[in-house]
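Because the structure is predicted, anything quoted here is derived from the model rather than measured. Each chain gets a letter, A, B and so on, in the order its sequence line appears, and its residues count up from 1.
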Amino acid sequence: MLEKRIIVCLDVKDGRTTKGIRFKENVDVGDPVEMARVYYEEGVDELVFYDITASAERRKIRIDTVRRVAEQVFIPFSVGGGISTVEEMREVLLAGAEKVSVNSSAVRNPGIIAGGAAMYGSQCVVLGMDIARDPAMPCGYGVVIDGGRTVTGLDALAWARKAEKLGAGEIVLNSIDADGTKAGYELTATALISHGVEIPVVASGGAGTPEHLLAVFRDGGADAALVASMVHYGTYSISGIKGFLAANGLPIRKT
Amino acid sequence: MVSGTTIVIDYGAGNLKSVENALRHLGASFLTTSLPSDLDKAERVIFPGVGEAAASMAELRRTGLDEAIRSYVAAGRKLLGICIGCQVIFERSEERATECLGLFPGEVRRFPAGSGLKVPHMGWNTVHFTRAHPVFDGIPQDSSFYFVHSYYPAPADPEMIAGVTEYGSPFASCIAQGNLVAFQFHLEKSGPLGLKLLSNFLSWDGSGTRSQSGAPYTVLGARPGAPHA
């Protein structure tokens, strides 16, 4: 049976992780490569790296980070943040990432989804979607970009379906309303998108406890759930979260 | 003990890096090549892949690797197929109606659309071995491996099936026959157990394939009326 994935999200800036973590002094705190290795050993199912920086110099740092992660972490990982051309996708994939995530750039230029899928296959192309409640939208949620600063006027469900048609292989759905609240994922929107498309949907934003993951798998129909601060600060461990979900009857990879 | 040359076939399908990283991590020396003649000196060949059947087959034909792989397998030499490498060994694929290498009878089919299944089949799923094999040594039954694919192999001969995975229905996720083993999942991305499978393949002497009782499962695409428990 296909298992529910637990994905750890690492925010990287200039080659360093931006959130503080619990790792001990023998680990270079904040080094995304080292963090990736530790989460891998703890049994995480997948990793996501978001790098908000995109200048030429920083691109080199990013490629180097991806390469070093790929050398020691033998699970899938994706890379996102500021990727706006098929050529940049290629660089990241050649360096060893499984998937590339596009977000704002895909709204501005949906062709990057089709171009990436035609070139590397749909399984490589992840659509990152930031959404916010918007009663003016047919589905009740609208798409926002540029880290929540720009309202696009796109209906969330319509955009998800369009991206699926263009060739996206997966959607990471991030709720701006829930993000950072630790009050739980946005269940209604997750269920709406997850049941509205035939590609996997990863829930993101709002996770604070293992119960939140259980809810988004059970009631939100999510295929995978993204966690960040709840594990970065040591409040919960990957094995603790997995044990809780397995004890509640969810199919979870044993490690 | 790993001896002899390990060859990784490069046919432009991408994802080579992951396989190479896994081999390096295991301390294995290997040669990545797109030259058909290099297969002559191989002790074992790894046929990796992510991508699309038609483009993969076109590239294999263009480079002459198709013929080289055919004679290599016909000579009964050791081959590990991964994902696309586990598919194009059959006769044809539904992916853009592609004629494949035709080394074994059977075809590659798409997971049915509109059945409530998400396609691609993406993520960790369990593999149930239907028989023992030296390459599976030390891998617990029903362990999880990482899959990402929309098409699955459907061998005509159920005797080739060595492991099955459930996605809507059971499909053949492990193929083994003679000196060939092939996996639909990405062992190079399946954590320590995937690395263990790869390491087992590297040290496999090709002998000792255990008795084949056939798959005790009705597996998608297997010949109708084929014996199963």
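Looking at A:E98, the atoms closer than 4.5 Å to chain B (heavy atoms on both sides) all sit in the side chain, from C-beta outward. Residue contact with chain A, scored on non-hydrogen atoms closer than 4.5 Å, involves the backbone and the side chain of B:T126 alike. For a residue to count as touching a neighbouring chain, one of its non-hydrogen atoms must lie under 4.5 Å from one of that chain's; by this rule B:P192 touches chain A with backbone and side chain alike. With a 4.5 Å cut-off on non-hydrogen atoms, A:E170 touches chain B through its side chain but not through its backbone. Neither the backbone nor the side chain of A:L93 comes within less than 4.5 Å of any heavy atom in chain B. For B:H121, the part sitting under 4.5 Å from any heavy atom of chain A is the side chain, from C-beta outward, and nothing else. For a residue to count as touching a neighbouring chain, one of its non-hydrogen atoms must lie under 4.5 Å from one of that chain's; by this rule A:R253 touches chain B with backbone and side chain alike. Heavy atoms closer than 4.5 Å to chain B are found in both the backbone and the side chain of A:S194. Heavy atoms closer than 4.5 Å to chain B are found in both the backbone and the side chain of A:V201. Neither the backbone nor the side chain of A:A97 comes within contact range of chain B; no heavy atoms are under 4.5 Å apart.
Of the listed residues (B:P120, B:G191, B:G123), the greatest number of heavy-atom pairs within a distance under 4.5 Å of chain A belongs to B:G191. Contacts with chain B were tallied for A:P76, A:G121, A:A70, A:G43; A:P76 has the most, counting heavy-atom pairs under 4.5 Å. Note on A:K254, A:Q123, A:Q72: by heavy-atom pairs under 4.5 Å with chain B, the leading option is A:Q123.
Although no hydrogens or angles enter the test, the distance criterion places a donor-acceptor pair under 3.5 Å between the side chain of B:K189 and the main chain of A:I75. Checked by atom type and distance alone, the side chain of B:W124 pairs as donor or acceptor with a backbone atom of A:D45 at under 3.5 Å.
Two residues are said to be in side-chain contact when any heavy atoms from C-beta on lie closer than 4.5 Å; B:N21 and A:F74 meet this criterion. You'll find the side chain of B:N125 stays beyond 4.5 Å of the side chain of A:E3, heavy atoms only. Contact annotation: the side chain of B:E20 never approaches that of A:E71 to less than 4.5 Å [non-hydrogen atoms, C-beta and beyond].
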*Kindly indicate, with the supporting measurements, whether the criterion side chain to side chain contact (heavy atoms under 4.5 Å, CB included) is fulfilled by B:K118 and A:D223.*
CA-CA 9 Å; B:K118 301 233 170 164; A:D223 299 282; 3.1 Å; yes
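Taking CD1 of A:I199 as the reference point, atom CE of B:M122 lies at 8.5 Å (rounded to 0.5 Å).
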